[in-house]
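Bear in mind that the values here come from a model prediction, so they are computed numbers and not experimental data. Letters A, B, ... mirror the listed sequences (proteins, then strands); counts begin at 1.
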Number of protein chains: 2
Amino acid sequence: MAIPRAAKTQRRTRIQEEKEERILEAALDVFSSSGFRGSTIDQIAEAAGMSKPNLLYYFRTKEAIHRQLIDRVLFTWLEPLRAFDPDGNPESEIRSYIRRKLEMARDFPRESRLFANEILQGAPHIEDELKGPLKQLVDEKAEVIRAWARMGKIAKCDPYHLIFSIWSTTQHYADFDVQVRAVLGQHYAGEGRFEDAARFLEGLFMEGLRVRGGVM
Amino acid sequence: MAIPRAAKTQRRTRIQEEKEERILEAALDVFSSSGFRGSTIDQIAEAAGMSKPNLLYYFRTKEAIHRQLIDRVLFTWLEPLRAFDPDGNPESEIRSYIRRKLEMARDFPRESRLFANEILQGAPHIEDELKGPLKQLVDEKAEVIRAWARMGKIAKCDPYHLIFSIWSTTQHYADFDVQVRAVLGQHYAGEGRFEDAARFLEGLFMEGLRVRGGVM
DNA sequence: GTAATGTTTTACCAACCGGTCAAATTATCG
DNA sequence: CGATAATTTGACCGGTTGGTAAAACATTAC
């Protein structure tokens with residue numbers, strides 16, 4: 001009997017693991033460039049090299065694929081912020097946070113766009129995660145930044161808007177890649193733009209946060 | 001005979017103007033929150049309070065609505081950058097550019113999201129405008145900024161990445177509004193976040209661009 | 001080998017989608 | 001008023017969409 005929809009079984013087979021991985025990989029491609037509503041199961045199935053009913057054997061609905069993808073991405077996406085060390089040196093912590101976020105924009109642009117698409121369209125699937133775990137993490141790190149400012153290690157500033165500005169400036173290179181490419185023209189070639197961006201952003205934030213007359 | 005599809009006539013009637021406006025207004029709502037592919041004519045028609053065939057009497061295709069909307073938005077969207085004055089004071093020019101972009105994010109978030117959706121999904125409808133008029137304008141203003149740096153009025157920096165960072169930080173408050181709301185929680189209420197953002201961003205960019213040891 | 005389980009395919013469905021058509025209705029103008 | 005043009009509606013169409021059912025096929029366990 002062929003009842004079990006890959007869920008009834010306790011143990012996942014080798015084929016299941018492979019196929020699910022292939023589906024998620026394909027879905028990342030499709031969802032990140034068309035958004036949830038604009039993507040079709042057929043597109044994902046084709047990108048994954050299988051038929052639609054076959055794909056639906058592994059994931060019962062389009063939502064199920066999307067949810068699993070979002071969950072996975074959200075976790076790794078916050079990794080750099082989690083790594084923010086309260087006991088570290090403020091300058092190097094912020095500098096390396098910027099650098100890591102920029103590396104992620106460079107190396108995982110699809111993940112960034114998947115996330116951006118979701119937020120842009122009102123985050124219908126992840127509102128809870130934003131208000132829960134995300135807010136909690138940001139609150140925690142904001143307090144760290146505030147403490148640094150109190151100790152005079154960096155200029156006084158609103159830590160939330162500081163974090164927003166680091167998010168937006170770095171993710172811009174993934175999310176608005178087409179625009180960046182159009183504007184930079186020939187200078188876009190290769191990955192040089194990421195080095196230029198890193199230099200610019202590190203300069204901006206380091207000078208912008210420097211305590212006047214002192215060293216960070 | 002009822003042939004004319006609102007195009008054959010030279011003169012637009014009062015009804016035509018009103019209805020077209022209502023359709024574009026409704027389409028802005030729908031497109032900005034679902035993207036092009038994710039939006040349906042039915043949704044737009046319902047939001048505009050008319051039947052689908054009636055809507056299609058004014059705009060022949062879904063693309064036609066979208067194109068007109070994009071054209072209109074793109075023009076006003078670049079207005080602040082156009083206003084950038086080469087002969088003005090660098091500090092106040094940059095400061096007021098930031099402020100104006102932030103005001104637009106506050107007052108026209110749907111327009112920002114429409115644009116963001118389009119870029120995110122690969123800008124299939126406006127690639128030419130990005131590579132043409134947009135690039136040209138940015139090139140021109142980048143040269144202005146570079147000149148200011150050469151004259152020692154602001155710190156040396158890559159003008160393109162400066163512009164990108166102003167775009168991204170300001171538009172973030174429109175495009176990622178849901179996330180900003182989730183993270184700020186109760187502090188999101190009202191429009192105070194825009195004043196906080198303005199204060200933070202002006203500080204960041206003003207200090208970040210200040211020539212060390214001198215005044216801008 | 002064979003029986004049980006796991007995987008893939010073919011055929012299909014109801015709902016939705018962008019868009020058309022012709023007829024009915026309403027506004028405009030002399 | 002009547003005629004003409006502008007607008008609105010309802011019925012419809014072919015193609016796509018998310019998803020299902022069942023049978024065919026492959027794999028594994030004994």
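- In this structure, A/S51 does not reach the C/dT8 phosphate: none of its side-chain N or O atoms is under 4.0 Å from OP1 or OP2.
- At the heavy-atom level, A/K52 lies under 4.0 Å from base atoms of the strands shown.
- Straight-line distance from the CE atom of B/M50 to the C1' atom of D/dG10: 17 Å, rounded to whole Å.
- Checked against the 6.0 Å centroid criterion, the rings of B/F84 and B/W148 qualify as a close aromatic pair.
- For A/E20 and C/dG6, the CD to C1' distance is 13 Å, given to the nearest whole Å.
- Put simply, the side chain of B/E111 reaches to within 4.5 Å of the side chain of B/W77, judged on heavy atoms.
- Under 4.0 angstrom from either OP1 or OP2 of C/dT8 there lies at least one side-chain N or O belonging to A/K19.
- Checking the phosphate oxygens (OP1, OP2) of C/dT7, a side-chain nitrogen or oxygen of A/Y57 falls inside 4.0 Å.
- Here C/dT7 is the nucleotide among C/dG18, C/dT7, C/dT20 with the atom lying nearest to any side-chain atom of A/Y58.
- Rounded to a whole Å, the CD1 atom of A/I44 is 11 Å from the P atom of D/dT17.
- Within 4.0 Å (heavy atoms only), A/T40 reaches sugar-phosphate atoms of the nucleic acid but no base atom.
- For the pair B/Q16 and D/dA6, the criterion of a side-chain N or O lying under 4.0 Å from OP1 or OP2 is not met.
- As rounded to whole Å, 15 Å separates atom P of C/dC16 from atom CD1 of A/I41.
- Note: CG (A/D42) to P (D/dG19) measures 12 Å, nearest angstrom.
- Between A/T61 and B/L55, the residue whose closest nucleotide on DNA chain D is further toward the 5' end is B/L55.
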### Task
I would like to know whether A/N117 and B/Q121 meet side-chain hydrogen bond (donor to acceptor under 3.5 Å, both in side chains); could you show each step before the answer?
CA-CA 9 Å; A/N117 255 309; B/Q121 312 201 350; 3.2 Å; yes
Decide salt bridge (charged side-chain N to carboxylate O under 4.0 Å, His left out) for B/R99 and B/E103; before the verdict, give the C-alpha distance in whole Å, the side-chain angles of both, and the deciding distance to 0.1 Å. CA-CA 6 Å; B/R99 198 159 10 194; B/E103 282 165 8; 5.4 Å; no
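- In this structure, A/I23 atom CD1 and C/dT7 atom P are separated by 11 Å, rounded to whole Å.
- Distance B/E46 CD to C/dC17 P: 11 Å, rounded to the nearest Å.
- The phosphate of D/dT7 has neither OP1 nor OP2 within less than 4.0 Å of any side-chain N or O from B/N54.
- At a threshold of 4.5 Å between non-hydrogen side-chain atoms, the residues A/F205 and A/R95 do not count as touching.
- One can place CG of A/L56 at 16 Å from P of C/dT10, the figure rounded to the nearest angstrom.
- The side chain of B/K62 lies closest to C/dG18, out of D/dT8, C/dG18, D/dG18.
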